Amino acid sequence: MVIFDSVTKTKRPFEPIKEGEASIYVCGPTVYDDAHLGHARSSLAFDLLARTLRALGYKVTMAKNFTDIDDKIIKKVEATGKSMQEITAYYIDRYLKEMAQLGVQRADIEPKATESLDAIEAMIQRLIDKGFAYVVSNGDVYFDTSKDPRYGEISHKVHDDEENQSRVAHNSEKRNPKDFALWKACKGEEDICFNAPFASGRPGWHIECSAMIEKYFDGNGEYSIDIHGGGADLLFPHHENEAAQSRCATGHELAKYWMHNGFVQIDGEKMSKSLGNSFFLKDALKVYDGEILRYYLNSVHYRNDFNFNEEDLLAAKKRLDKLYRLKKRLLPGKASAVNPTFKKVLLDAMADDLNISVALSVIDEMVAAANEKLDENPKEKALKKETLANLEFIDTLLGFGGKEPYSYFQIGVDETLKAQIEALIAKRTEAKRAKDFAAADAIRDELTRMGIAIMDTPEGTVWERA
RNA sequence: GGAACCAUCGCCAAGUUGGUAAGGCCGCAGCCUGCAAAGCUGCUAUUCGCCGGUUCGAGUCCGGCUGGUUCCUCCA
């Protein structure tokens, strides 16, 4: 496995800190609102990472946190009158359900800030004790970036204090402009606060992740985890700050590899709520099946920016359709063993920093080759069984193609409509038998108007939702 | 203002060590079909934003320009 490390900006061979294992921590969402397409993309990208590493034989432990203490959540509490727990539990539940629709496997560890306060406080205390952090008059605790000579190495940000000074002038008690809050002291009665030795208050955003990683991963004395992931926007300041805190608190580096996924745009425009475009994942899921969205969102390399639009989505759907049409030709039957060459080529592609484009092209070629052979000899049992096994492998590695093909093509068609369609097809088959092609074509037109496409096969007429 | 990344066929998109452009969508022709659809076959960039340079040879390296995105503030 080769991974593009955002810190060195090069592809580096994956050499885990513990032989045969892979520890991954991905920054999850702050749960104050519904998940958007960007969350989906990040989630999907690291799902692919975990699946690939598992397929390569690594024992993967993946953690994805929920930030459930945050200013935006507090604002939502104030705006809705609901409790913080109600709000965060609601959005966590929705997030998990929507990601499940995309075929994202659950993380092995899903830590929450509210459940990690002990670790957070301990780490802050350690930083204070070691002189890397300081408490100011109101009880806020800041990390002293000047005490960490390696601060800036993750994001390659140059210290340009002069310029930044003006921006953060109001934080007068900060010793350096780049210092950031580890703990925010309670401001008023209505604030949501937790007790801590330094002051009643709540943790800063960055410390959560550092503390959770220390809590759940042992590391090897040199690094705490193998891979730290997240959106490209998190590189600075979030990951820079995480790295600094952990480095100073533990004496070793946080992660051996850093991976960052690219951004999602919609129809060429920056994704924002004000645009009113299908910003939320839930809206996209109303229109498109999760599996298609998964295929589409994963069809572009995770580091590239992604321009979400209907035309491309449709092209992606057609590619997936082809795979399922092949699957129709293979059933009923049982899978034998995956073709070793196919497996190797597919895995090699994914092992190259998740080269999904090559992986998908390998699949397309496999599908075409199988169709060709089946055209020649529709009853080739060994081929059918092997192809079925190939499809199973694709499902395990990439998370699509696992459905029963007829149901895939009939998503959103209820039983009544189904019966109606099948009755029409039966009528058409009768008309065809009687060589009444005008009547047969009229029925086909009617089905087309209903959004149903039909195709005649040696085994009879089958239909799909167009 | 500072920094990073990107720019390949009508559209999406691959292309570590420079060696002569994957795959998909669309389109065209053919096979198959009562006709279609589906599937298959063939065709579809002498060319990789522009201008220079290095080299026997560059999409791939270097410099400049143009265009786009991102980060420097909460953000996947």
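The shown structure was predicted, so the numbers you read here are calculated from the model rather than taken from an experiment.
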K.L.:
Is it true that atom CD of A:Glu422 has more than 12 heavy atoms of other residues, nucleotides or ligands lying nearer than 6.0 Å?
P.N.:
yes

K.L.:
Among B:A76, B:A38, B:C26, which nucleotide has an atom closest to any side-chain atom of A:Ser42?
P.N.:
B:A76

K.L.:
Checking side-chain hydrogen bond (donor to acceptor under 3.5 Å, both in side chains) against A:Glu153, which of A:His156, A:Arg150, A:Lys157 comes through?
P.N.:
A:Arg150

K.L.:
So, using salt bridge (charged side-chain N to carboxylate O under 4.0 Å, His left out) as the criterion, who are the partners of A:Asp348 when residues are at least two apart?
P.N.:
A:Lys344

K.L.:
Hey, can you pull the residues of residues 5-14 of chain A with a non-hydrogen atom under 4.0 angstrom from RNA chain B?
P.N.:
A:Lys9

K.L.:
Between the protein and nucleotides 67-69 of chain B, are there any N/O to N/O pairs under 3.5 Å, and if so, what are the atom names and distances?
P.N.:
unit_1: B:U69; atom_1: O2'; unit_2: A:Asp305; atom_2: OD2; d: 2.9

K.L.:
Can you find a donor-acceptor pair, distance only, under 3.5 Å between A:Lys72 side chain and B:C74 base?
P.N.:
yes

K.L.:
Sort out the partner of B:G10 for me: Watson-Crick or G-U wobble, both distances under 3.5 Å, none otherwise.
P.N.:
B:C25

K.L.:
Where along residues 309-316 of chain A does a heavy atom come under 4.0 Å from RNA chain B, residue by residue in number order?
P.N.:
A:Glu311, A:Asp312, A:Ala315

K.L.:
Report the base-pairing partner of B:C56 (Watson-Crick or G-U wobble, both distances below 3.5 angstrom), or none.
P.N.:
B:G19

K.L.:
Among B:G39, B:A22, B:G23, which nucleotide sits nearest the side chain of A:Ser357?
P.N.:
B:A22

K.L.:
Using heavy atoms and a sub-4.0 Å distance, could you list which residues of residues 366-384 of chain A are near RNA chain B? By number, please.
P.N.:
A:Ala368, A:Asn371, A:Glu372, A:Asp375

K.L.:
Give the nucleotide from the list B:C72, B:A14, B:A38 with an atom nearest to the side chain of A:Asn355.
P.N.:
B:A14

K.L.:
In the strands shown, is B:C65 matched to any nucleotide by a Watson-Crick or G-U wobble pair with both distances under 3.5 Å, and which?
P.N.:
B:G49

K.L.:
Would you kindly say whether A:Glu208 and A:Thr67 are connected by a side-chain donor-acceptor distance under 3.5 Å?
P.N.:
yes

K.L.:
Who does B:G1 pair with, Watson-Crick or G-U, both distances under 3.5 Å?
P.N.:
B:C72

K.L.:
Would you tabulate the pairs of protein nitrogen or oxygen atoms and nucleotide nitrogen or oxygen atoms of nucleotides 29-34 of chain B closer than 3.5 angstrom?
P.N.:
unit_1: B:G34; atom_1: N1; unit_2: A:Asp441; atom_2: OD1; d: 3.0
unit_1: B:G34; atom_1: N2; unit_2: A:Asp441; atom_2: OD1; d: 3.4
unit_1: B:G34; atom_1: N2; unit_2: A:Asp441; atom_2: OD2; d: 2.6

K.L.:
Let's test your reading of the model: under 3.5 Å, does the base of B:A4 pair with the side chain of A:His156 as donor and acceptor?
P.N.:
no

